[in-house]
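Below, each value reflects all heavy atoms present in this structure, side chains not excepted, and no hydrogens, waters or symmetry copies. Worth saying up front: this structure is predicted, and the values here are computed from it rather than measured. Counting from 1, the numbers follow the sequence of the chain as shown.
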Amino acid sequence: MTMPMMRPPRKNPVLRTRQMNLPPGARGRVALGLTAAAAEGRFELQTCEDCGTVQYPPREVCHKCLSAALRWRAQSGEGELLGSTTLHHSNDLFFRERLPWRLGLVHLDAGPTLMVHLHGEVGEAPTRVRVGARLDRAGQAVLIGFPNEGSAHMADDKMLREMTSDPKFRKALVTDGKTETGQAIVRALVKAGADIVWVGHAEPWKKMGDGLDDISALPQVTLVPLDLTNGRQVTELAGSIGGKVDIVINNAEVHRTFGIGARRGTDVAKAEMDINYFGLLRLAQEFGPALKGRSADGATGATAWVNLLSIYALSNFPPHGTFSASKAAAHSLAQCLRAEMRPAGIRVINVFPGPIDDEWNQHTPPPKLAPTALANAIVKALRDGVEDVYPGDVAQEWLERWRDNPKVLERELAAGG
């Protein structure tokens with residue numbers, strides 16, 4: 001059984017801040033299919049469509065019938081642990097600082113035999129285990145053997161915490177606390193054990209709503225002025241708390257309906273871009289370097305950046321045309337941010353919800369995503385260590401149609417479907 005993680009001691013300011021050493025990250029192109037699935041929380045292996053063989057490691061052709069008709073298919077991960085060992089020495093800098101490290105050999109029910117990292121609650125061989133795929137600090141997929149029945153504190157396992165961004169005992173910044181979505185995110189972080197949650201609010205001269213008053217009464221919450229259109233304010237806040245933040249959650253957005261011809265001028269589109277795109281850019285320029293500098297700073301070092309995007313970023317939804325365009329631009333920028341953060345081991349998580357049950361979607365028919373469900377999906381993504389999240393029925397259906405044929409989806413949306 002995993003012992004619950006104790007609150008880490010305060011850092012000694014005299015000691016140097018450790019720099020992140022990444023685990024080995026070299027992978028062949030064919031193996032990136034495993035990483036792509038792990039980025040969305042799935043464990044997939046190559047399956048031959050001709051003979052049905054499930055194979056590992058990934059190859060260009062089936063090792064049994066030499067067919068090139070290979071597809072990545074989801075696996076249950078059920079199997080038996082054949083043997084295990086514990087490393088007490090490593091020549092790799094990443095593992096050297098994290099020893100001891102447990103490894104095991106697992107024979108899957110689906111056929112292949114895998115070398116995996118072992119969760120501390122997995123017993124000695126032979127025993128049943130469940131294999132899952134996670135992203136390591138280098139952003140590459142690794143395989144982990146889990147017990148079939150874990151304890152309440154299994155997320156506190158030292159090895160597993162290296163693969164995730166659990167908010168427990170960490171300090172987070174939520175950029176907009178005035179919306180119902182932002183308030184739900186704050187409550188979810190507090191419930192998950194976050195140590196401090198800084199909550200941004202623009203236009204502090206306006207009367208605060210009941211929701212913001214409620215979350216400001218929580219002992220973990222501190223309100224901070226933050227308007228992402230104000231570059232100086234973003235810089236000042238980064239100078240004040242940037243060296244303490246472990247998780248940035250950017251949920252600030254401007255959402256307006258209509259497309260191109262239904263509105264005169266460009267003022268609304270500029271406002272959307274100023275928050276949804278340029279706001280992310282300002283935030284990344286100021287807080288990004290601080291996060292990268294603290295990514296190896298002990299058990300609660302800086303670990304993740306979360307962007308609240310939209311499923312409309314994948315394919316434009318004409319009734320929300322300019323908003324969709326701003327989110328598509330933010331999606332592209334977030335991919336750049338992910339590439340720049342990866343060498344420091346900071347995980348960039350993009351969240352693509354469908355219509356949220358908020359003021360901007362009042363006339364959108366159900367199903368709509370409740371803010372609480374969205375907040376829980378963000379916390380789960382942090383705990384599971386994934387990169388892309390599509391919460392809600394609409395987002396899942398939209399994603400499936402987009403992957404099947406983006407051009408067909410574009411035509412359907414243009415026709416109002």
Atom CD of Gln55 with >12 non-hydrogen neighbours under 6.0 angstrom = yes

Start with the C-alpha distance between Gln75 and Arg73, add both sets of side-chain angles, then the distance that settles side chain to side chain contact (heavy atoms under 4.5 Å, CB included), and finish with yes or no.
-> CA-CA 6 Å; Gln75 306 294 323; Arg73 304 295 184 198; 4.0 Å; yes

Smallest separation among heavy atoms of Leu308 and Leu374, with atom names = CD1-CD2, 3.9 Å

What are the two closest non-hydrogen atoms of Val245 and Phe287, and how far apart are they?
-> CG2-CE2, 4.2 Å

Val234 side chain near Leu283 side chain, heavy-atom distance below 4.5 Å | yes

Looking at NZ of Lys327 and CG of Leu280, how far apart are the two atoms once the value is rounded to the nearest 0.5 Å?
-> 9.0 Å

Where the side chain of Asn376 meets the backbone of Thr372, is there a donor-acceptor pair that is under 3.5 Å apart?
-> yes

Is the number of heavy atoms from other residues, nucleotides or ligands under 6.0 Å of Asn405 CG greater than 12?
-> yes

Please indicate whether Lys380 has more than 12 foreign heavy atoms, meaning atoms of other residues, nucleotides or ligands, lying under 6.0 Å from its NZ.
-> no

Crowded around Arg29 CZ? As in, over 12 foreign heavy atoms under 6.0 Å?
-> no

Any sub-3.5 Å donor-acceptor pair from Arg134's side-chain atoms to Leu160's backbone N or O?
-> no

Main-chain N/O of Arg401 paired to Glu412 side chain as donor or acceptor, under 3.5 Å = no

Mind checking the CD-NE2 spacing from Gln335 to His331? Nearest 0.5 Å is all I need.
-> 4.0 Å

If you round to the nearest 0.5 Å, how far is CH2 of Trp305 from CG of Leu173?
-> 8.5 Å

Any ring-ring contact (aromatic ring centres under 6.0 Å, His included) pairs touching residues 379-406, not counting sequence neighbours?
-> Tyr312-Trp398, Phe317-Trp398, Phe352-Tyr390

Rounded to the nearest 0.5 Å, what separation is found between the CG atom of Asp136 and the OG1 atom of Thr164?
-> 12.5 Å

Quick one: does His201's side chain get under 4.5 Å of Leu226's, heavy atoms only?
-> no

Where do Arg128 and Glu80 come nearest, in terms of heavy atoms and distance?
-> NH1-N, 4.1 Å

State, with a plain yes or no, whether a side-chain heavy atom of Asn148 is found less than 4.5 Å away from one of Val129.
-> no

Taking atom types as modelled, find out whether Asp227 and Thr229 have a side-chain donor-acceptor pair closer than 3.5 angstrom.
-> yes

Note, Ile378 side chain near Val351 side chain (heavy atom, < 4.5 Å) = yes

May I ask you to check whether His89 and Asn91 show a side-chain donor-acceptor distance below 3.5 Å?
-> yes

Does the side chain of Ser67 come within less than 4.5 Å of Val61's, by heavy atoms?
-> no

In short, Ile349 meets Val386 closest at the heavy-atom pair CG1-O, 3.2 Å

Apply the test side chain to side chain contact (heavy atoms under 4.5 Å, CB included) to residues Leu369 and Val394: give CA-CA distance (whole Å), side-chain angles for both, the deciding distance (0.1 Å), then the verdict.
-> CA-CA 8 Å; Leu369 186 65; Val394 174; over 6 Å; no

Assess the side chains of His320 and Thr257: does a donor N or O sit below 3.5 Å from an acceptor N or O?
-> no

Could you please spell out the steps behind the salt bridge (charged side-chain N to carboxylate O under 4.0 Å, His left out) verdict for Arg403 and Glu40?
-> CA-CA 14 Å; Arg403 282 176 169 164; Glu40 296 180 5; 2.4 Å; yes

Test side chain to side chain contact (heavy atoms under 4.5 Å, CB included) applied to Asn350 and Glu387, step by step = CA-CA 6 Å; Asn350 291 332; Glu387 282 189 347; over 6 Å; no

Report the distance from atom CD of Glu97 to atom CG of Asp92, rounding to the nearest 0.5 Å.
-> 9.5 Å

Taking the side chain as every heavy atom from C-beta outward, state whether Arg161 and Thr300 have any atom pair closer than 4.5 Å.
-> yes

Does NZ or CZ of Arg98 come closer than 6.0 Å to the centre of the six-membered ring of Phe94, within 45° of the ring's axis?
-> yes

Quick one: does Arg137's side chain have a donor or acceptor within less than 3.5 Å of a partner on Ser295's backbone?
-> yes

Donor-acceptor contact present, side-chain Arg294 to main-chain Gly243, <3.5 Å | yes

Do the side chains of Leu135 and Val142 get nearer than 4.5 Å, heavy atoms only?
-> no

With distance as the sole test, does Thr179 use its side chain to make a donor-acceptor pair with the main-chain N or O of Gly182 at under 3.5 Å?
-> yes

Look at atom CD of Glu400 and say whether more than 12 heavy atoms of other residues, nucleotides or ligands are closer to it than 6.0 Å.
-> no

Is the backbone of Trp198 close enough, under 3.5 Å, to the side chain of Thr222 for a donor and an acceptor to pair up by distance?
-> no

Main-chain N/O of Lys171 paired with Asp246 side-chain donor or acceptor, under 3.5 Å | yes

Taking all atoms of both residues into account, what is the closest heavy-atom pair of Pro167 and Val379, and its distance?
-> CG-CG1, 4.4 Å

Taking the side chain as C-beta and beyond, is there a heavy-atom pair between Trp72 and Pro58 under 4.5 Å?
-> yes

Between Arg282 and Glu236, is there a side-chain N and carboxylate O pair less than 4.0 Å apart?
-> no

Would you sort out whether Asp195 and Arg170 count as a salt bridge (charged side-chain N to carboxylate O under 4.0 Å, His left out), showing the intermediate values?
-> CA-CA 5 Å; Asp195 204 29; Arg170 286 193 163 103; over 6 Å; no

Any chance you could lay out the side chain to side chain contact (heavy atoms under 4.5 Å, CB included) test for Arg256 and Phe323, step after step, and finish with the verdict?
-> CA-CA 6 Å; Arg256 300 294 185 267; Phe323 171 75; 6.0 Å; no

Taking atom types as modelled and ignoring hydrogens, do the side chains of Thr322 and Glu272 form a donor-acceptor contact shorter than 3.5 angstrom?
-> yes

Using atom types as modelled and distance alone, determine if a side-chain donor or acceptor of Lys368 lies under 3.5 Å from a backbone N or O of Asn361.
-> yes

Looking only at heavy atoms, which two atoms of Glu121 and Pro147 are closest? And how far apart?
-> CB-CG, 3.8 Å

Distance from Ile356 atom CD1 to Thr364 atom OG1, nearest 0.5 Å?
-> 11.0 Å

Which pairs count as salt bridge (Lys or Arg N to Asp or Glu O under 4.0 Å) when at least one residue sits in residues 58-71, sequence neighbours excluded?
-> Glu49-Arg71

Just by modelled atom types, is the Asp176 backbone N or O under 3.5 Å from a matching donor or acceptor in the Asn251 side chain?
-> yes

